[in-house]
Amino acid sequence: MQYWLMKTEPNECSIDDFANQPSEVIRWDGVRNYQARNFIRNMHIGDEVFIYHSSCAHIGIAGIVRVTRSAYADPSQFDTESPYFDSKATKEKPRWDAVDLQFVRKFSQIISLDKLKALPELADNSLVKKGSRLSVVPFSKAERDAVLQLTSRQ
DNA sequence: GCCAACGTTGGC
DNA sequence: GCCAACGTTGGC
């Protein structure tokens, strides 16, 4: 079991999009950063993923989803209509990968970025490192557990 | 392979 | 909307 965090702008895709259709899977596509893509390729079915809301009123971790399908070629890279279209990607040599995710849990309150920054266990996590723009962040079990501790107190 | 220019991210 | 930090692009 591995643990991750994925960033999203909630007006694009939020924890509610998962919570409103808990039996459905949602394709997580559009990641266009090589380091983030490489993390996606390391995801396995069953891995837990924190959903992080960025660039919005309430920044922080909103809930948990899990991986239901491991990495496969992101179809949007071939779609000329998509904002994620990549003219350099071919079916033979795809550049970008997607995973499928399914709802697990929505936190009763967002765990704010301030609270995450205050967690000593997260001091080395790239989420809270200044200037980090990684949209897919690996979490150790200790880091994940420290976050969950906050939810039990809220 | 360098690096300036440019585009994007994301908190504030 | 601002802007710092970072990643990517492309000329040389």
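Labels below follow one simple rule: chain letters A, B, ... track the order of the sequence lines, proteins then strands, and each chain is numbered from 1.
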Between A/Trp4 and A/Tyr52, is the gap from one ring center to the other below 6.0 Å?
no

Is it true that A/Asp97 and A/Arg37 make a salt bridge, defined as a side-chain N closer than 4.0 Å to a carboxylate O?
no

Rounded to whole Å, please give me the gap between CD in A/Glu9 and P in B/dG10.
8 Å

May I have the distance from A/Tyr84 (atom OH) to B/dG7 (atom C1'), rounded to whole angstrom?
15 Å

Check every strand shown and say whether A/Lys117 touches a base, only sugar-phosphate, or nothing at a heavy-atom separation below 4.0 Å.
sugar-phosphate

Between atom OH in A/Tyr52 and atom P in B/dT9, what is the gap in whole Å?
14 Å

A/Ile61 CD1 to B/dG10 P, straight-line distance once rounded to whole Å:
14 Å

Nearest-Å distance, CH2 (A/Trp96) to P (C/dT8)?
7 Å

Both A/Asn33 and A/Lys88 contact DNA chain C. Which one's nearest nucleotide lies toward the 5' end?
A/Asn33

Centres of the A/Phe78 and A/Phe85 rings: under 6.0 Å?
no

What is the distance, to the nearest angstrom, from the CG atom on A/Asn11 to the P atom on B/dT9?
13 Å

Any sub-3.5 Å donor-acceptor pair from A/His53's side-chain atoms to A/Ile15's backbone N or O?
yes

Looking only at side-chain N and O atoms, does A/Lys7 come under 4.0 Å of OP1 or OP2 in B/dG10?
yes

Of A/Ser132 and A/Arg95, whose closest DNA chain C nucleotide lies nearer the 5' terminus?
A/Ser132

Whole Å only: how far is the CZ atom of A/Phe39 from the P atom of C/dG7?
12 Å

Write down the distance between CE (A/Met6) and P (B/dG10), rounded to a whole number of angstrom.
12 Å

